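Note that the numbering runs from 1 along the sequence shown for the chain. From a predicted model like this one, the values you see are computed outputs, not experimental measurements.
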Amino acid sequence: METNDKKSIDVNGFITYLNNPISKTGVFDYLGSEIGAPEPSKVYRVYRPEEELSKQETIESFELMPLLDDHTFLGNEGESPESVGVQGAISNIHYEAPYLKADIMVYSNFLKNQIQAGKVELSPSYRCKYVFEEGTTPEGEQYDAIQTNLIGNHLALVDQGRTGPDVRVYDSCPVGINSIINSDSFNKEVSSMEFTEEQLAQIRA
């Protein structure tokens, strides 16, 4: 098995991204219609606290959940996995504040190509309960509701995740970024800014 600090590639060519964030604590925007709130068109600030994301039941519920390209809810209340196309799976779920992390195994060439092309943000799908009460987090952020009892359904590769750009596939050397760095337009632009050779090396790194 070929490995580096971020991923491993097995004899089948399946890629596993190691110890990768898949969700995090914090306050995030949801439309009321998404969460069964009293005002469907209102934007609610929803708190996902550490004590919920780090629950053993939550961690166990995400173990071996499917990896998809974009969201489709699966199972009894959604679509059958074979009709959607499962692209991989996640395992070794654990919590490292402020993130829920996993090893992400990618089976399909399709999803590998999506990642190489720069589609790297991640979004977990899960069942949960919302407690509609206002409050303030220990960090001083106000919220309108709290997420509780998270039960995993799948993890999706998305263009833009709700949780932010730090919850993404961490590939130590994605082709998409190499292509940008080695492009003529990139080199011309940074060279015109009068950086030293050492600074240019740091930018490329």
Side-chain angles (χ1 to χ4, degrees), residues 1 3-10 14-30 34-35 45-74 86-108 110-128 137-139 141 143 146-178 180 205:
M1 178 180 289
T3 64
N4 62 31
D5 60 338
K6 295 293 184 183
K7 66 182 180 183
S8 65
I9 304 173
D10 68 16
F14 299 158
I15 299 175
T16 300
Y17 296 94
L18 303 166
N19 198 35
N20 203 102
I22 62 171
S23 186
K24 71 178 179 183
T25 61
V27 179
F28 308 100
D29 291 338
Y30 286 79
E34 294 181 273
I35 60 176
R45 297 284 286 162
V46 178
Y47 182 34
R48 189 182 305 140
E50 178 173 303
E51 57 266 29
E52 293 295 332
L53 197 59
S54 63
K55 268 186 180 178
Q56 191 61 30
E57 295 90 338
T58 296
I59 290 171
E60 290 175 356
S61 76
F62 276 96
E63 190 69 30
L64 299 179
M65 284 295 102
L67 175 66
L68 308 179
D69 182 47
D70 294 321
H71 280 298
T72 303
F73 200 80
L74 303 176
V86 172
Q87 310 286 335
I90 61 176
S91 63
N92 191 25
I93 315 300
H94 57 286
Y95 182 78
E96 293 180 23
Y99 298 106
L100 189 65
K101 290 188 172 185
D103 294 342
I104 303 171
M105 178 174 277
V106 179
Y107 305 143
S108 73
F110 173 79
L111 210 67
K112 293 175 192 175
N113 291 335
Q114 293 281 75
I115 292 168
Q116 293 295 315
K119 184 178 182 180
V120 294
E121 293 196 23
L122 295 166
S123 177
S125 176
Y126 45 84
R127 294 173 174 85
C128 70
T137 71
E139 295 74 30
E141 286 191 85
Y143 59 81
I146 305 172
Q147 278 185 342
T148 67
N149 301 323
L150 284 70
I151 301 297
N153 183 266
H154 66 266
L155 179 68
L157 189 73
V158 295
D159 290 312
Q160 186 172 2
R162 189 193 310 271
T163 326
D166 54 326
V167 179
R168 62 178 175 86
V169 175
Y170 281 83
D171 190 326
S172 60
C173 192
V175 169
I177 291 176
N178 280 340
I180 294 170

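Here the CG atom belonging to Leu100 is positioned 13.0 Å from the NZ atom belonging to Lys24, to the nearest 0.5 angstrom. For the atom pair CD of Glu51 and OG1 of Thr148, the computed distance is 10.5 Å after rounding to the nearest 0.5 Å. Here CG of Leu155 is found 9.5 Å from OG of Ser125. Values are rounded to the nearest 0.5 Å. With rounding to the nearest 0.5 angstrom, the OG1 atom of Thr25 is 7.0 Å from the OH atom of Tyr47. Interatomic distance, CD1 of Ile115 versus CD1 of Ile104, reported as 8.0 Å (0.5 Å rounding). Going from atom CD of Gln147 over to atom CZ of Phe28 covers 8.5 Å, rounded to the nearest 0.5 Å.
Considering Ile146, Thr163, Val27 as possible partners of Arg48, the one that fulfils the side-chain contact (heavy atoms from CB on, under 4.5 Å) test is Thr163. Results of the side-chain contact (heavy atoms from CB on, under 4.5 Å) test with Tyr17 over Leu122, Val120, Ile90, Asp171 single out Asp171 as the only residue that passes.
Side-chain atoms of Ser61 come within 3.5 Å of backbone N or O of Gly152 as a donor-acceptor pair. Between the side chain of Asn20 and the backbone N or O of Arg168 there is at least one donor-acceptor pair closer than 3.5 Å. Side chain of Thr137 to main chain of Tyr143: no donor-acceptor pair is present (N/O by atom type, distance under 3.5 Å, no hydrogens or angles). With hydrogens and angles ignored, the 3.5 Å screen pairs a side-chain donor or acceptor of Asp103 with a backbone N or O of Asn19. Of the possible donor and acceptor atoms, one in the side chain of Glu121 sits under 3.5 Å from a partner among the backbone N and O of Gly161. Not a single donor-acceptor pair under 3.5 Å links the side chain of Gln87 to the backbone N or O of Val106. For the pair Glu63 (side chain) and Ile93 (backbone), a donor-acceptor distance under 3.5 Å is present.
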>> Test side-chain contact (heavy atoms from CB on, under 4.5 Å) on Tyr99 and Asp166; report intermediate values, then the result.
In response: CA-CA 10 Å; Tyr99 298 106; Asp166 54 326; 2.6 Å; yes
> Given the rule in the side-chain contact (heavy atoms from CB on, under 4.5 Å) test, do Lys119 and Asp70 qualify, once you have shown the distances and angles that lead to the verdict?
Replying inline: CA-CA 10 Å; Lys119 184 178 182 180; Asp70 294 321; 3.2 Å; yes
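By the 4.5 Å heavy-atom criterion applied to side chains, Leu68 and Val86 are counted as neighbours. In this structure the side chain of Arg127 never reaches within 4.5 angstrom of the side chain of Leu150, judged on heavy atoms.
Side-chain contact annotation: Lys55 with Asn149, donor-acceptor N/O pair under 3.5 Å present.
Considering every non-hydrogen atom in both Ala97 and Glu50, the closest pair reads CB-OE1, 3.8 Å. Here the closest heavy-atom approach between residue Tyr107 and residue Ala89 is recorded as OH-CB, 3.6 Å. Smallest separation of non-hydrogen atoms from Pro98 and Leu53: O-CD2, 4.1 Å.
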